[in-house]
Structures are given as structure tokens and as C-alpha cells.
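Presented below is the structure to which this report refers.
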Amino acid sequence: MTRGDITTAADPTRLLEEAFREAIVAVLGDDYRHVDPIIRCSQNPAFGDYQANSAMSLAKHAGLKPRALAQQIAEAVAKNLRGVAETPEVAGPGFINIRLKAEALGKMLEALDTPQLGVHRDPNPHTIAIDLCGVNIAKQMHVGHLRSTIIGDCLARTFERIGRTVHRENHLGDWGLTIAMVLWSLTRSGDDLDTLGLEDLDKAYRHAQAECRQDEAAAAEAKATLIKLQQGDTETRRTWHKIIDVTMRAVYESFDLLNVKLGPNDNRPESFYRDRLKDVVEAFRVSGIAQEDQGALIVRFPDRDRPLILQKSDGGYLYATTDLAAVRRRVQELKASRVIYIVDARQRDHFRDVFDAARRIGWDRLDDGSRAELVHVPFGSVLGTDRKPLKTRSGENLPLRLLLTEAIQRATAEVRRRAENPSAPTHGLDDEALDAIGKAVGIGAVKYADLSSDLVRDYLFDLDRMVSFDGNTGPYLQYAHARVCSIFARAGVTPTDPAIKSAKLVITEPAERSLGLLLLRYPSVVAEVAATLEPHRLCTYLYDLANAYNTFYESCPVLKADRQQLRLSRLRLCNLLSRVLADGLDLLGIQTPGRM
RNA sequence: GCGCCCGUAGCUCAGCAGGAUAGAGCACCGGUUUCCUAAACCGGGGGUCGGAGGUUCGAGUCCUCCCGGGCGCGCCA
């Protein structure tokens, strides 16, 4: 490995790709310089650590026999990989299997053992905007906001981890007729606004909505209130600010409880765009992209019946109008090359229309002429164990607080139960400490359950399963991490001890090897999540990693290793593992208590 | 009616821009260990990957049709 390999030194896949590309060129000629060598991790250890799968398709293209070509590539690549891998072997229809030398594996792991943990920096200088959370003023947060917030925060952390600047855009619903209905309802009732809580606002919201639906006079009053709000009437504005304060105070508490990196600076409410809506509509009108139809202004698309409505026949604007204003700002002012919407899958059609309209008018174009990627990350509903969307008995959305409180209670109960074991490191901790751990575990459980399967699928909110310390759960991962911490406590050394930090990593046992190979995949997994916007890939990886660690720990003595060199090597490996685990969990927004 | 999404073990889910005999967890059955270790680890049974065609050297993965479930569809957000 040369000096120039500093970034790839810890990433065998990249190293192998290079080596194979050269080998392919050596065998087939320069025309093949840009083919993908198709390097994959082997599923089965019997086939080595990695495999190159390109020979089969290349053979067809070049008119050669697959196995014969594979043999030639294998021979050519052997030279490039001297010192790194054993002699590559051809198997099956033309797979080339590669097994890393233990020595090289140790070196790569040492190269991974940096503060960056080998994660590559994304050189793209543009920012990324993530539309997430989207709470409504005067409404409690419910399960629908949960997913958007958790997923958005996770993706934001991932992008920040690879060096991108992220704008978290909390597109608050603080404007429009629904808000006006609440304001009207509150002024009429004459309640003391200073004593109002979010539950009261929530109630007013529902009552006002029901009343306006049935009673035309009420609807007219609400509309009048909207006009007062729009015209800046002092009293109305005062009430408006008040309900925003009350709502957001509770929302910030939820953010804090959830351990998401969101705050007042991330608020970009609908009202922020209110002065821009006229321009949006005008731009579409003068460009001819939008047309009048039955008194409304709409955009038609050649490939679908459904039009996008920009302006109602009464002159009012719609949420599509605001969304277009937001796209424009995010690309042109925030300079985002990716604008990502974390919104319920049911709004797929809406975003398709909005994005297509934005592209047609060119609002996805950046200064340098490139086009920003507008992408909707759709997620499924949260279902109860009865397979129906989570609702309260009265059929309303389940408040987030209720749901989180129960998760925390369950987790805390389990933490306490385990603390009764005299050999548990948590034994004898006071209530406050145990509660703090229970909170981290409960929230971690909810988040992991949310992030660990394909986002578009509906997921079952099953507390029994998600709070369990066994299986593919948040607590299992946190537990694996805590166990590593406890080794160091027992060893009486800190992970930063120079003897550990500088120890040579020696890979001997199979379990050690599997763990090492898995650790080396971390940088590419992070990159993969950033590319695909699929956090569950990271979850699966971390779960495999925790499993590999538990197996290693079972079969490889650490503190009682028979040689001092091996002991230090394994301690260093443990430390590396714990940091990768903690780093990965942090990307998921999950905390890692030292004991649990 | 039009459109979108989903269908993998009893249950909950993976399956990495098609690659070797389809993998986990839970549950079930059996074993090891009480250990440097916080009860963890190892093994087993269980699948015509919704169905039928097609493309390919190779399909759970791509294409077409069908079945089943969910969701959306002009002035709410």
C-alpha cells in the first residue's frame, strides 16, 4: 500500500476494485478500463472473503469461455495483490474468490482505527435540505410525525457524518384556514390564553373543524379571522404567536426526549413563504406552464389525468403552492443539490406533481447549471398489533407522548430487572441513574424499530418485540456496546491507553477474522446509506456486527489471552468495535449507555 | 375507472444497482458454558420467494399478465 492509498487503505473493496480493473485491462485491453469488476463480500466463508463476479458477463461480451477468462484475470490480479491476498481461486461458472492475508487484514484494521473510522468525505460542496417533522400548530405530535422526525434526523446525521452541510427544514403548519379556525374558536370562547396548554389547543382545533364543517356561519367567521391574520391585525397576531409558543414548547420537549437534533433554528413554517406565493403563481402563469381552468390555476401533465392546482378559484393558495416556493428557496437560496422530503407514502402523487412542476419551470437548477435532485422518501404507516393504523379508542391519532412514555416504562422495567442481578454493573445504581438508562433504551428501541426495516413498508408497533434485549433490536445493540465498556472497566485500562492504541492487530481465530472483515465494511455502509437514503442497511450491518462481536467474545479470550501481545491486540479490536458501534448508533440517533 | 406501493419460514423482517445450496430474529426442539464475560453462545426442524409466462450462462431481484392486500386520485393539508 502506498502513501496515496491513505483513504482506501482501510477499504478492501476499493483496493480490490483497483487491482481487478488493472487485471481486466491487462487481459482484455484498454477498452475495458471502465467496467465494474463487481467486487462483493462472500456470503459463505468457504468462498473466501471477497469475490469478483465480472468474468462471466465479460466473457460473453468478449466471446470467451467464462472460466478461462476468470483464470486469466485471476492470474493477472495475483500480481497486484501480492502481500494482500492469498492466490485468488476460480470457482463455479467463473467466480474469482479472494482471501485476505491475516497480516494485511490487521494492517487494514489499524488504518481504520482513526477518529474518522475510515468514513470517506463527500467532496460535493453543495448543501442538502431535508424536509422533516412537519408538525402542525395547535396539534399534539402523533405517530405520523414520529417517523418523519426520526428518519429525517438519521439521514441528516449521516450526511453530516460524511461532511455535508445539512439544512433541517421543519415545515411547520402554522398558516391557513385551519389555524384561523383555531384562532376564531379561542377568541370566541374567551379562555385565558395564558393558562392554555397544548391539549386545550388540540381540543379547540377539533371542535372548530367540526363546527366549520357543519355551520356555514362558523366557516365564514373563521374565514374572516384568516383575513385578519393575513392583514396583520394586532390582536389576532398576538393570539397566533401565543398558540405557536404553546405548541412549540411541547414540541421541543419531544425533540429533547427523542434525542433528535432539531430546534428553533430549523423552523421554516408555512407562514415564512406567505409573501412568496404570489410570485410562484405569477411565474407559472407568465411562463405559460400553468393555465386557467374552471377559475383555478392549474398545471397539466402529459402522462397523467391529475392536474396540480396552484391557485383556487377564490384566489386562495394551496399547499402545492407553498411546496413550490420551498423547492425554489432550497435550491436557489440554500444551494441544496439534494432536497429530500421525509413524508408519508400516501403523498407520493403530490410530490411527483410538485417536483415535475418545479423541474419544468427550472427551479431545480443550481448556479453551476447542474440540476438538484428532488426526492421524496416515502414511509409507511405505524400499525398496531391488530395491523390497523395506531389510533386511540376514539379513533384519533395516538399522541406521541403516550407512545414514548410507554416504551420508556417498559424499557426501564427491564433495566431494573437486570440491575437486580448482583453481578450486573448496574446493580446498586440509584433510581435516577436507572431511569436515565431506561429512557435511552426505550427511545433507542422505538427508533431502531422504526429505522430497521424498509421505510416504505408499514411497520408493526410491537413494544414487546422492540424493547427486547434479544434479536434484531435497539437494546441488543446498545447492550453489545455496554458489554465492551465493561471489559475495559474490568481490565482497569482506558481504551486510550498508549499500549492499546499502538498495539499491533493480530488476527488469528475465525471469529476474530469475521469481526475484522465486518468492521472494514463500515465506511462503505455509511456511504451506502447516504446514497440510497435507506437507514435499515446500517441497522442490518450493526446487528451483524454486534452478533460477530458476541461470537468473538465467546470464543476468543481477551483479558486472559495467553500472550500479552494478543491481549493488547484484542483490547484494541474491542475498542475499535465499540467505536464503530457507537458511531453507527449515533447516526441512527440512538444513545449508548456505558452500563444497562 | 385510472394510478402508486406491498406480497420471502407459523410470526416480524433482511436479501447489498441478477451471481454459488434463499438468510436473520422471535417462537419451538436439542446442546454447550457458569466462563476473561452482564444469559450468552452453538446446532436442528421449518420456504414450489403470491401465481403464470418471458429475458439471461444464471432471476427472490429485470419485463408482461393475473391474483391478493394497502393507499391515492380538481380547488383540505
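Heavy atoms only: backbone and side chains are in, while hydrogens, waters and symmetry mates are out. Letters A, B, ... are given to chains in the order of the sequence lines, protein chains preceding strands, and every chain is numbered from 1.
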Please list, chain by chain and in numerical order, all residues satisfying side chain to side chain contact (heavy atoms under 4.5 Å, CB included) with [X], sequence neighbours excluded.
X: Arg67(A); result: Val90(A)
X: Gln564(A); result: Arg567(A), Leu568(A)
X: Glu534(A); result: Thr532(A), His536(A), Arg537(A)
X: Pro37(A); result: Glu17(A), Phe20(A), Arg21(A), Ile24(A), Ile39(A), Ser54(A)

Annotated protein contacts, base or backbone, on nucleotides 1-6 of chain B with a non-hydrogen cut-off under 4.0 Å, one of B, S, - each: ---SS-
Take atom [atom1] in [N] and the same atom in [M], then report the distance between them in whole Å.
N: G7(B); M: C29(B); atom1: P; result: 31 Å
N: A40(B); M: C57(B); atom1: C1'; result: 45 Å
N: U8(B); M: U61(B); atom1: C1'; result: 12 Å
N: G18(B); M: C63(B); atom1: P; result: 12 Å
N: C16(B); M: C11(B); atom1: P; result: 23 Å
N: G60(B); M: G23(B); atom1: P; result: 12 Å
N: G15(B); M: A24(B); atom1: C1'; result: 10 Å
N: A38(B); M: C71(B); atom1: C1'; result: 46 Å

Residue whose closest nucleotide on RNA chain B lies nearer the 5' end, Phe47(A) versus Asp293(A):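 Comparing both residues, the 5'-ward one is Phe47(A).
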Toward the 5' end of RNA chain B, by each residue's nearest nucleotide, Ala546(A) or Arg595(A):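 Upstream on the strand: Arg595(A).
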Base, sugar-phosphate, or nothing for [X], non-hydrogen atoms under 4.0 angstrom?
X: Gly594(A); answer: base
X: Ala91(A); answer: base
X: Cys556(A); answer: base
X: Ile298(A); answer: base
X: Arg465(A); answer: sugar-phosphate

Residue-phosphate contact under 4.0 Å: Arg490(A) side-chain N/O, A38(B) OP1/OP2: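 Yes, Arg490(A) has a side-chain N/O under 4.0 Å of OP1/OP2 on A38(B).
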N or O in side chain of Asn421(A) less than 4.0 angstrom from A39(B) OP1/OP2: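 Result: yes.
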Side chain of [X] - closest among [options]:
X: His536(A); options: A40(B), G15(B), A38(B); value: G15(B)
X: Ala482(A); options: G19(B), A38(B), A24(B); value: A38(B)
X: Asp458(A); options: C16(B), G70(B), A40(B); value: G70(B)
X: Ala296(A); options: U12(B), A38(B), C75(B); value: C75(B)
X: Gln51(A); options: C13(B), C36(B), A20(B); value: A20(B)
X: Thr551(A); options: G25(B), A38(B), C42(B); value: C42(B)
X: Arg300(A); options: G74(B), A20(B), A38(B); value: G74(B)
X: Arg418(A); options: G72(B), A40(B), C16(B); value: A40(B)

Applying ring pair (Phe, Tyr, Trp, His ring centres under 6.0 Å), name anything that partners [X], two or more places apart in sequence or on another chain.
X: Tyr319(A); answer: His350(A)
X: Tyr273(A); answer: His171(A)
X: Trp240(A); answer: Trp175(A)

Lys NZ or Arg CZ of Arg418(A) over Tyr479(A) ring: under 6.0 Å, within 45°: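 Checked: cation-pi criterion met.
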Would you please say whether a donor-acceptor pair under 3.5 Å links the side chains of [X] and [Y]?
X: Ser423(A); Y: Asn421(A); answer: yes
X: Tyr448(A); Y: Asn472(A); answer: yes
X: Tyr476(A); Y: Asn547(A); answer: yes
X: Asp174(A); Y: Ser271(A); answer: yes

Calculate the interatomic distance between [X] atom [atom1] and [N] atom [atom2]; express it in whole Å.
X: Arg387(A); N: C71(B); atom1: CZ; atom2: P; answer: 12 Å
X: Tyr543(A); N: U12(B); atom1: OH; atom2: C1'; answer: 12 Å
X: Leu542(A); N: A24(B); atom1: CG; atom2: P; answer: 19 Å
X: Tyr549(A); N: A40(B); atom1: OH; atom2: P; answer: 13 Å

4.5 Å side-chain heavy-atom contact, Lys139(A) and Leu201(A):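 Not in contact.
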Within-4.5 Å side-chain heavy-atom neighbours: Asn575(A) and Phe488(A):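 Yes - at least one pair of side-chain heavy atoms lies under 4.5 Å apart.
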A20(B) base / Asn97(A) side chain donor-acceptor hit below 3.5 Å: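 Checked by distance alone, the answer is yes.
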Base A38(B) to side chain Ser486(A), donor-acceptor N/O within 3.5 Å cut-off: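 Indeed, a donor on one side and an acceptor on the other fall under 3.5 Å apart.
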Give me, pair by pair, the N or O atoms of the protein and of nucleotides 54-64 of chain B that are less than 3.5 Å apart, along with how far apart they are.
none

Distance, nearest 0.5 Å, that separates NE2 of His376(A) from CZ of Arg348(A):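 Answer rounded to 0.5 Å: 7.5 Å.
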Rounded distance [0.5 Å steps], NZ in Lys223(A) versus CE in Met181(A):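 Rounded to the nearest 0.5 Å, the NZ-CE separation comes to 10.5 Å.
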Stems where RNA chain B pairs, listed by first number, each of three or more Watson-Crick or G-U pairs under 3.5 Å: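 Detected stem regions: B:1-7 with B:67-73, B:10-13 with B:23-26, B:28-32 with B:40-44, B:50-54 with B:62-66.
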Electrostatic pair Asp49(A):Arg513(A) at N-O distance under 4.0 angstrom: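 Judged by the 4.0 Å cut-off on N to carboxylate O distance, Asp49(A) and Arg513(A) do form a salt bridge.
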Crowding at CG, Asp305(A) (>12 non-hydrogen neighbours, <6.0 Å):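 Not more than 12 within 6.0 Å, no.
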Residue Lys391(A) excluded, over 12 heavy atoms near NZ under 6.0 Å: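 Enclosed: over 12 neighbouring heavy atoms sit under 6.0 Å from NZ of Lys391(A).
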Close approaches to RNA chain B from residues 311-319 of chain A, in residue order (heavy atom, under 4.0 Å):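 Within this stretch, Lys312(A), Ser313(A), Leu318(A), Tyr319(A) sit under 4.0 Å of the strand.
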Contacting residues from residues 470-480 of chain A, given that a heavy atom lies under 4.0 angstrom of RNA chain B: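 Per residue number, the list reads Asp470(A), Gly471(A), Asn472(A), Tyr476(A), Tyr479(A).
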